[in-house]
Novice: 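Take this structure, written in C-alpha cells, and hold onto it; I'll ask about it next.
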Number of protein chains: 2
Amino acid sequence: MQTKLPQSTIERLCLLFQFCAKLQAEGIARISSTGIGSALGIPAHTIRKDINYLGEVGDTGSGYEVSRLMGHLSEALGFNLPRRACVVGLGRLGSALLEYNRVLPPGFSIEAGFDSSINRLETIRTDIPLYPAYEISDVVRREAIELALLTVPAAAAADVAEDLVKGGIRGIINFTPAVISPSLEEVVVRNMNVVNELRFLSASIALRVSKSV
Amino acid sequence: MQTKLPQSTIERLCLLFQFCAKLQAEGIARISSTGIGSALGIPAHTIRKDINYLGEVGDTGSGYEVSRLMGHLSEALGFNLPRRACVVGLGRLGSALLEYNRVLPPGFSIEAGFDSSINRLETIRTDIPLYPAYEISDVVRREAIELALLTVPAAAAADVAEDLVKGGIRGIINFTPAVISPSLEEVVVRNMNVVNELRFLSASIALRVSKSV
DNA sequence: GCGTGTGAACTGGTTCACAGCG
DNA sequence: CGCTGTGAACCAGTTCACACGC
C-alpha cells in the first residue's frame with residue numbers, strides 16, 4: 001500500500017473507480033486493460049501500470065474482475081471511508097452545488113452550507129443545515145467535516161479558507177479565481193476555475209493543440 | 001511563436017495572465033519572477049521558463065513590465081481574440097453558469113443556452129438567447145460559437161457533444177462524469193467533474209499526500 | 001493466443017546554475 | 001548587485017517489450 005502514487009495516477013484511478021461503478025451497474029463483471037483504456041481514452045499500458053500500484057489484482061489472461069478491482073481501489077484510496085463535505089458561499093453556483101447531495105456516490109455527503117448573508121440563509125430551500133459564515137470553524141469541527149466546496153467571492157476566499165483550516169478541514173475545492181495556500185501544508189487544494197478553463201481552451205485553440213485531460 | 005508549449009505551461013500562463021490583470025487593476029506596473037512565483041505558489045525558475053517560451057520579455061535586472069507581459073501573453077495565447085461560448089443543459093448548474101456572462105473577462109461572452117426541455121427554456125429569466133436542444137448545431141454554426149459548457153445529464157453527454165462538433169465547436173468544458181471523445185481530433189475537451197474532484201481529495205487525504213494543483 | 005505484470009528504455013518537463021546585462 | 005535568459009543535468013512518469021500464467 002504505497003503512498004507514492006503520482007498525482008496523475010491518482011486522478012486516473014478515481015476515474016477508473018467511477019467507470020467500474022458504471023460497469024457494475026450494467027452488470028459487467030470483467031474488463032481488460034484495453035477495454036478500460038479505450039473507454040477512458042487512456043493507453044492500456046498506463047492503465048496496467050496504474051492498477052499495479054495497488055498490487056496484483058488482475059487474472060492473467062482474462063483481465064480484471066470488476067468487483068475485486070473496486071475493492072482494491074476502495075482500500076488503497078479510502079473510498080470506503082465516509083467523507084462529510086460542506087459548501088461555503090451560497091450564490092448561484094454554491095446553491096446549485098447543495099443539490100449535488102442527491103447524486104453524490106455512497107460515502108460522500110454534504111452536511112452544511114455557509115454564507116455571510118443571513119438573508120440568503122433564510123431564502124434558500126434545502127434539507128441541508130445552513131449556518132452564518134462566522135460559525136464556519138465551529139461547525140466544521142463539530143460536524144467532523146473534512147471537505148469544502150469554496151464558492152465565495154474571490155476577495156473573501158483566503159480568509160474563509162483559513163477559517164476552514166481552523167476547523168480542521170482536510171481538502172478544499174476552490175471554485176474562486178483566488179490562489180489558496182492554506183497555512184497547514186496537509187490541506188489539499190484543488191482548483192476548479194471556469195474562467196481559467198475557458199482561457200485554457202482559448203489558448204489551446206489559438207495554438208492548435210489537440211490533446212486533452 | 002511556438003506551438004510546442006507543454007500543457008502545464010499553458011495552464012500556468014493562463015493563471016499568470018489572470019494575475020497580471022489583477023496587478024494592473026491594482027496599479028502595479030512591474031513584477032519579478034520571484035514575486036509572481038510566491039503569489040501563485042509556483043517556483044520562480046518555472047515562471048521564467050514559462051515566460052521564455054514567449055521570447056524575451058523581461059528587462060534584465062528589473063523584472064517584467066506587467067503591460068508588456070500581458071501583451072506577449074495575449075498575442076501568443078490569443079487572448080485578444082473574442083471567444084463566443086454557450087451553455088448546454090440548463091439545470092441548476094447550467095443556469096448558474098449563464099450568470100457568468102457578467103464576470104467573464106473581456107473577449108469572452110456567452111451567446112446561447114440550450115436545453116431539451118421547452119418548459120425550462122420558458123422558465124429561465126436571462127438576457128441570453130435560449131434555444132431547444134435540437135437546434136444546437138445550427139445555432140452554434142450561425143452564431144460562430146467556439147466554446148461550450150456542457151452540463152447535461154451524463155447519459156446525453158456524448159450525443160450532445162457530437163451535435164456541438166457538427167456545429168463546428170472548438171472546445172468543450174465537460175461538467176458531466178461521462179468521458180467525451182469527439183469525432184474531431186481538433187476539439188479540445190476539459191473535464192470539470194466535481195464528484196471526481198471530491199474523490200481525488202478523499203484519496204489524497206487517505207494517502208496523506210500534500211501537494212496540490 | 002490473449003492479457004497481466006514489470007523491469008528497462010525513453011521522453012519531456014522541471015530544476016539547477018551560471019552567464020550576461022542593466 | 002539583482003534578476004532575466006538559457007543550456008545542461010536531473011528526474012518522474014510514460015512507454016515499451018517481453019516473460020509468464022490462463
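Letters go in sequence order (proteins before strands), and every chain restarts at 1.
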Novice: Could you check how far CD of A/Gln7 sits from P of C/dG13, rounded to whole Å?
Specialist: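 Taking CD of A/Gln7 and P of C/dG13, I get 16 Å after rounding.
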Novice: Would you mind listing every salt bridge (charged side-chain N to carboxylate O under 4.0 Å, His left out) that reaches into residues 12-29 of chain A, with sequence neighbours excluded?
Specialist: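 Qualifying pairs: A/Arg12-A/Asp50.
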Novice: Determine: side-chain N/O of B/Arg12 to OP1/OP2 of C/dT14, distance under 4.0 Å, yes or no.
Specialist: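 So the side-chain polar atoms of B/Arg12 do come within 4.0 Å of the phosphate oxygens OP1 or OP2 of C/dT14, strictly under.
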Novice: What is the distance, to the nearest angstrom, from the CD1 atom on B/Ile47 to the P atom on C/dC16?
Specialist: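 Nearest whole value for this atom pair: 15 Å.
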Novice: Is there a side-chain polar atom (N or O) of A/Thr9 under 4.0 Å from OP1 or OP2 of D/dG13?
Specialist: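 For D/dG13, neither OP1 nor OP2 has a side-chain N or O of A/Thr9 closer than 4.0 Å.
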Novice: Side-chain atoms of residues 151-158 of chain A: list all donor-acceptor pairs with protein atoms under 3.5 Å, sequence neighbours left out, distances to 0.1 Å.
Specialist:
| unit_1 | atom_1 | unit_2 | atom_2 | d |
| --- | --- | --- | --- | --- |
| A/Thr151 | OG1 | A/Val88 | O | 3.1 |
| A/Thr151 | OG1 | A/Gly89 | O | 2.4 |

Novice: Walk along nucleotides 2-8 of chain C from 5' to 3' and tag each nucleotide B, S or - by protein heavy-atom contact under 4.0 Å, base first, then sugar-phosphate.
Specialist: BBBBBBB
Novice: Going by the side chain to side chain donor-acceptor pair (under 3.5 Å) test, which pairs reach into residues 153-168 of chain B, not counting sequence neighbours?
Specialist: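 Qualifying pairs: B/Glu162-B/Ser183.
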Novice: Round to the nearest Å and state the distance from B/Asp50 atom CG to C/dT14 atom P.
Specialist: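 Nearest whole value for this atom pair: 7 Å.
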Novice: How many whole angstroms separate atom CD1 of B/Ile42 from atom P of C/dG13?
Specialist: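 In whole Å, C/dG13 P lies 16 Å from B/Ile42 CD1.
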Novice: I'd like to check the ring pair (Phe, Tyr, Trp, His ring centres under 6.0 Å) partners of A/Tyr100; sequence neighbours left out, ordered by chain and number.
Specialist: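 Partners of A/Tyr100 under the ring pair (Phe, Tyr, Trp, His ring centres under 6.0 Å) test: none.
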Novice: May I ask you to say whether A/Glu99 pairs ionically with B/Arg92, meaning some side-chain N is under 4.0 Å from a carboxylate O?
Specialist: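 Counted as a salt bridge, because a side-chain N and a carboxylate O are separated by less than 4.0 Å.
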Novice: Under the rule for ring pair (Phe, Tyr, Trp, His ring centres under 6.0 Å), what residues qualify as partners of B/Phe114, not counting sequence neighbours?
Specialist: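 If we apply the ring pair (Phe, Tyr, Trp, His ring centres under 6.0 Å) test to B/Phe114, skipping adjacent residues, the hits are B/Tyr131.
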